[in-house]
Amino acid sequence: AISGLILLTVSGVFHMLVVKNDVYAKVSDSLQTKFGRWIKDNTTSQDILLTNGEIYDPASLAGTRTFLGRPHYIFLFGGGPSKRILEKNDVLSGIDDKRVRGILEQNRITYIIIYKAGVVPNSVQANNVYFNDNFRKVYENNIAVIYKI
């Protein structure tokens, strides 16, 4: 019984390491920002947004439909997001305009959101020049630029 109690105590200490090593992240309520209110006021439940964000994506946290959220969670639930990851990267690179427009049309994407550097963790680099030259900018602030398709 004493050795069992010791083993239970030691395993409890290991469980405490999870709490000690937990990562703290500040996630603001997206709807309380100008960006979040713009999304709430200007998008519908039918709109699909493609963003260069991933985890803690403010558009997703505001409750909108995004083209690809956090792929890690899709893998966990048995999905295969590989095709969407490639399509998202093709769109954000802006190298092949015909391919970009085909992806946007096929997936009924209505807005593209490009977060500025350092705003969203794990954001994918985007070709800002391509988007400025080929799409209508409908909103910009210190968080992101939103283009209407």
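Each residue takes its place number in the sequence, starting with 1.
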For [X] and [Y], work out which heavy atoms get closest and say how close.
X    : Y    : answer
P58  : F35  : CB-CE2, 3.6 Å
Y130 : G94  : CD1-O, 3.4 Å
E54  : P71  : OE2-CD, 3.5 Å
I114 : A126 : CD1-CB, 3.6 Å

Any [X] side-chain heavy atom under 4.5 Å of [Y] side chain:
X   : Y    : value
R84 : N107 : yes
D96 : D90  : no
V91 : L50  : yes

Report the distance from atom [atom1] of [X] to atom [atom2] of [Y], rounding to the nearest 0.5 Å.
X    : Y    : atom1 : atom2 : answer
R99  : Q106 : CZ    : CD    : 8.5 Å
I113 : W38  : CD1   : CH2   : 7.5 Å
L7   : I2   : CG    : CD1   : 12.0 Å
I149 : R101 : CD1   : CZ    : 7.5 Å
K34  : N142 : NZ    : CG    : 8.5 Å
T64  : D47  : OG1   : CG    : 9.0 Å

With the 4.5 Å side-chain cut-off for hydrophobic clustering, are [X] and [Y] part of the same group?
X    : Y    : answer
L92  : I109 : yes
Y111 : L68  : no
I112 : Y115 : no
L49  : I103 : no
I39  : Y147 : no

Item to check | L86 atom CG, neighbour heavy-atom count above 12 within 6.0 Å | outcome: yes
Item to check | Crowding at CD, E140 (>12 non-hydrogen neighbours, <6.0 Å) | outcome: yes
Checklist entry - Is there a donor-acceptor pair under 3.5 Å between the side chain of K116 and the backbone N or O of N141? => result yes
Checklist entry - For D57, which of T66, T51, N52 qualifies under side-chain hydrogen bond (donor to acceptor under 3.5 Å, both in side chains)? => result T51
